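All of these numbers come straight from a predicted model, not from anything done at the bench.
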Amino acid sequence: MKTNEMMSLYDYLGHAAGNQLGKEVAAAAQSLNVPVKMRQVSNSVYTGLVCLYPKDFLSTYFKYKVQDLV
């Protein structure tokens with residue numbers, strides 16, 4: 001996997017992130033001018049657009065978010 005790969009939160013976390021976390025990540029990406037792409041998905045649980053973020057951004061975001069909780 002390339003580190004500049006674009007990933008959804010589901011792809012990165014391995015499970016659905018939920019609305020609240022999705023909004024938090026989107027807000028952080030916007031405030032940092034991180035490029036965001038969109039992808040259409042359709043499965044038994046969800047149909048619609050999901051945001052794709054650079055893997056490096058997601059790694060950094062969750063590293064510091066976890067550290068803030070400690």
Exercise: identify the closest heavy-atom pair between Cys51 and Val36 = CB-CG1, 3.8 Å
message = Suppose we call two aromatic rings close when their centres sit under 6.0 Å apart. Are Phe62 and Tyr12 close by that rule?
response = yes
ask   = Considering residues, nucleotides and ligands other than Gln40, do more than 12 of their heavy atoms fall under 6.0 Å from its CD?
value = yes
query = Among the clusters formed by ILVMFWY side chains lying less than 4.5 Å apart, do Met7 and Val25 turn up in the same one?
reply = yes
request  = Flag yes if Met38 and Phe57 sit in one hydrophobic cluster, no otherwise; membership is Ile, Leu, Val, Met, Phe, Trp, Tyr, and two members link when side-chain heavy atoms are under 4.5 Å apart.
outcome  = no
More than 12 heavy atoms of other groups within 6.0 Å of Asn43 CG = yes
ask   = Under the 3.5 angstrom rule, does the side chain of Tyr53 hit a backbone N or O of Asp56 as a donor-acceptor pair?
value = no
key: Close side-chain approach of Val50 and Tyr10, heavy atoms under 4.5 Å   = no
remark   = CZ of Arg39 to CG of Leu49, rounded to nearest 0.5 Å, is 11.0 Å
ask   = Is there side-chain contact between Leu13 and Leu58, with heavy atoms separated by less than 4.5 Å?
value = no
query = Does a side-chain heavy-atom distance below 4.5 Å link Met6 with Pro54?
reply = yes
key: Cluster overlap Val34 with Leu52, hydrophobic side-chain contacts below 4.5 Å   = no
